[in-house]
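Right, one structure below, let's go through it.
Index from 1, following the sequence.
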Amino acid sequence: MDAPTIQPKFLSKRDELGLVAVGFSGGQCKPGVDAAPMALIESGLVDQLKDDLKYKIHYDGQVHAYNELMPKDDPDHRNMKKPKAVSAVTQQISKQVYEHAKEGRFVLTLGGDHSIAIGTISGTAKAVHERLGRDIAVIWVDAHADINTPETSDSGNIHGMPVAFLTGLASDKPDAPFGWLAENQKLSLKKLVYIGLRDVDRGEKKILRDHGIKAFSMHDVDRHGIGKVMDMALGWIGSDTPIHLSFDIDALDPMWAPSTGTAVRGGLTLREGDFIAECVHQTGSLVALDLVEVNPSLEEQGAAETVRAGVSIVRCALGDTLL
Ligand SMILES: NC(=[NH2+])NCCC[C@H](N)C(=O)O
Ligand SMILES: [Mn+2]
Ligand SMILES: [Mn+2]
């Protein structure tokens with residue numbers, strides 16, 4: 001197979017990829033998502049990116065568990081569970097992603113639960129601000145909006161809050177857990193687009209409405225078809241903005257991806273998920289990708305299938321083509 005043919009617009013080299021493997025599950029309560037990076041790598045993801053898609057991969061060879069960063073004592077803060085752990089880990093991820101992104105490399109992060117996007121997106125945003133003087137856009141593909149503030153969240157799980165912190169809808173005092181997020185690490189609400197939503201909390205619906213946030217729910221996918229939805233989503237972002245794609249595997253229907261912590265029926269087909277990734281690749285604007293929430297220890301009979309779905313989405317986003 002040939003190397004990707006799309007010339008990336010916002011990367012300095014078309015074939016350089018920084019990989020960050022994050023074995024972290026502290027943004028929610030179910031153990032097992034930390035095992036996803038190894039499962040994805042063992043199923044051949046990295047070899048395929050190297051051998052089939054011809055990427056030159058910069059990888060430190062480690063699935064980071066960040067044990068050295070775990071606080072001894074981590075009481076709830078504003079209703080958030082494990083605030084210090086998530087803060088320390090996401091701050092470290094932010095640096096790791098930034099180090100790759102500032103070199104003009106594509107950055108692939110394998111999670112881990114979705115709280116890690118506080119790190120990945122802040123790292124991309126900072127590097128893109130510095131390198132190109134631009135804001136990034138984020139396409140958030142998920143059954144959930146993950147835009148709860150600590151105050152609107154029922155669960156207290158931080159994987160339901162990353163977008164609130166990244167957009168500044170939620171913030172912490174400088175000395176509090178998420179006080180480290182600086183202005184140049186944040187995301188504009190106008191540059192955020194959701195696809196696949198179907199389980200949005202009441203407080204989150206109000207946030208989406210009040211701020212006019214662009215969101216394509218499963219209803220929109222049913223009504224228009226995924227082709228039209230992608231045209232509208234990419235049209236909203238425009239062709240001159242670097243894109244960070246944050247893909248929660250639970251956007252897919254549990255038929256295709258059962259092994260995930262907060263599965264919701266009525267989701268995207270595997271092909272619709274791949275199609276989203278293909279369309280985003282074809283823009284030439286993609287600069288970073290997260291793949292999160294694969295949990296091989298849940299619905300174990302479906303774990304291999306879930307991992308395969310994850311591999312497929314990453315391949316499509318990185319330029320794999322059928323023909
Ligand atoms: N990244 C995810 N899977 N998030 C699920 C969030 C579920 C729920 N809205 C919450 O705040 O807890
Ligand atoms: Mn989700
Ligand atoms: Mn999510």
Side-chain angles (χ1 to χ4, degrees), residues 1-23 35-64 96-97 99-101 103-112 120 124 139 141 226-227 230 234 242-249 251-252 256-257 259-260 268-294 296 302-323:
M1 204 179 292
D2 291 328
T5 48
I6 304 280
Q7 188 63 50
K9 286 185 264 186
F10 303 110
L11 299 172
S12 45
K13 296 184 193 74
R14 83 149 66 155
D15 59 347
E16 293 222 0
L17 185 149
L19 172 64
V20 182
V22 177
M38 201 31 89
L40 291 157
I41 292 167
E42 277 172 359
S43 85
L45 176 59
V46 176
D47 291 335
Q48 291 173 30
L49 296 180
K50 250 192 271 180
D51 302 338
D52 299 349
L53 298 174
K54 310 292 183 209
Y55 282 96
K56 192 170 150 226
I57 298 186
H58 299 262
Y59 174 44
D60 60 12
Q62 288 184 61
V63 177
H64 295 265
Q96 291 175 279
V97 169
E99 287 302 321
H100 287 301
E103 301 300 324
R105 296 172 193 152
F106 186 94
V107 191
L108 169 62
T109 305
L110 304 175
T120 62
T124 309
I139 302 180
V141 184
I226 194 68
M230 286 314 293
L234 295 171
I243 299 173
H244 183 123
L245 175 61
S246 200
F247 203 114
D248 184 328
I249 200 72
L252 300 184
W256 308 102
S259 299
T260 187
L268 300 167
T269 65
L270 186 61
R271 250 323 289 166
E272 287 168 336
D274 284 350
F275 182 80
I276 292 169
E278 288 164 357
C279 290
V280 176
H281 173 79
Q282 282 172 350
T283 62
S285 300
L286 187 62
V287 296
L289 167 65
D290 315 324
L291 181 75
V292 299
E293 298 283 352
V294 171
E305 169 120 284
T306 309
V307 168
R308 270 203 306 281
V311 170
S312 174
I313 281 155
V314 174
R315 288 183 59 121
C316 291
L318 284 165
D320 194 7
T321 47
L322 296 171
L323 300 171

Residues His58, Glu103; criterion side-chain hydrogen bond (donor to acceptor under 3.5 Å, both in side chains); working and verdict: CA-CA 11 Å; His58 299 262; Glu103 301 300 324; over 6 Å; no
Nearest non-hydrogen partners of Val311 and Ser43, listed with the distance: CG2-OG, 3.3 Å
Leu289 and Val314, any side-chain heavy atoms less than 4.5 Å apart: yes
Results of salt bridge (Lys or Arg N to Asp or Glu O under 4.0 Å) for Lys56 - residues two or more places apart only: Glu16
Donor-acceptor contact below 3.5 Å, side chain Thr260 vs main chain Glu293: yes
Considering all heavy atoms, the nearest Ala36-Gly111 contact: CB-O, 3.4 Å
Lys54 and Asp15, any side-chain heavy atoms less than 4.5 Å apart: no
Contact summary for Leu270 and Ala309, nearest pair of heavy atoms: CD1-CB, 3.5 Å
Contact summary for Leu286 and Ala317, nearest pair of heavy atoms: CD2-O, 3.5 Å
Within-4.5 Å side-chain heavy-atom neighbours: Met230 and Val280: yes
Validation row: Thr124, Val287 side chains within 4.5 angstrom (heavy atoms): yes
Distance, nearest 0.5 Å, that separates CZ of Arg271 from CH2 of Trp256: 11.0 Å
Verdict with reasoning, Leu318 to Leu17, per side chain to side chain contact (heavy atoms under 4.5 Å, CB included): CA-CA 10 Å; Leu318 284 165; Leu17 185 149; 3.7 Å; yes
Heavy-atom side-chain proximity of Thr321 to Glu278 below 4.5 angstrom: no
Straight-line distance of Asp274 CG to His281 NE2, nearest 0.5 Å: 13.5 Å
Pair His244-Asp290, side chain to side chain contact (heavy atoms under 4.5 Å, CB included): steps then yes or no: CA-CA 8 Å; His244 183 123; Asp290 315 324; 3.0 Å; yes
Residue that, paired with Val141, satisfies side-chain contact (heavy atoms from CB on, under 4.5 Å) out of Asp248, Leu268, Ile313: Leu268
Glu99: salt bridge (Lys or Arg N to Asp or Glu O under 4.0 Å) partners, not counting sequence neighbours: Lys102
Nearest heavy-atom neighbours spanning Pro8 and Lys13: CG-O, 4.4 Å
Distance in Å, Met38 CE paired with Gln62 CD, rounded so as to fall on 0.5 Å steps: 10.0 Å
Residue pair Val107, Thr120: steps toward the side chain to side chain contact (heavy atoms under 4.5 Å, CB included) verdict: CA-CA 9 Å; Val107 191; Thr120 62; over 6 Å; no
Validation row: Leu45, Val307 side chains within 4.5 angstrom (heavy atoms): no
Partner of Asp320 by side-chain contact (heavy atoms from CB on, under 4.5 Å), out of Leu49, Asp52, Leu53: Leu53
From CA spacing to verdict: side chain to side chain contact (heavy atoms under 4.5 Å, CB included), Tyr55, Leu19: CA-CA 11 Å; Tyr55 282 96; Leu19 172 64; over 6 Å; no
Nearest heavy atoms of Pro296 and Ser259, plus distance in Å: CA-CB, 4.4 Å
Partner of Val46 by side-chain contact (heavy atoms from CB on, under 4.5 Å), out of Ile57, Leu110, Asp51: Ile57
Interatomic distance, Ser285 atom OG to Ile6 atom CD1 [nearest 0.5 angstrom]: 10.0 Å
Salt bridge (Lys or Arg N to Asp or Glu O under 4.0 Å) involving Glu305 - partner list, sequence neighbours excluded: Arg308
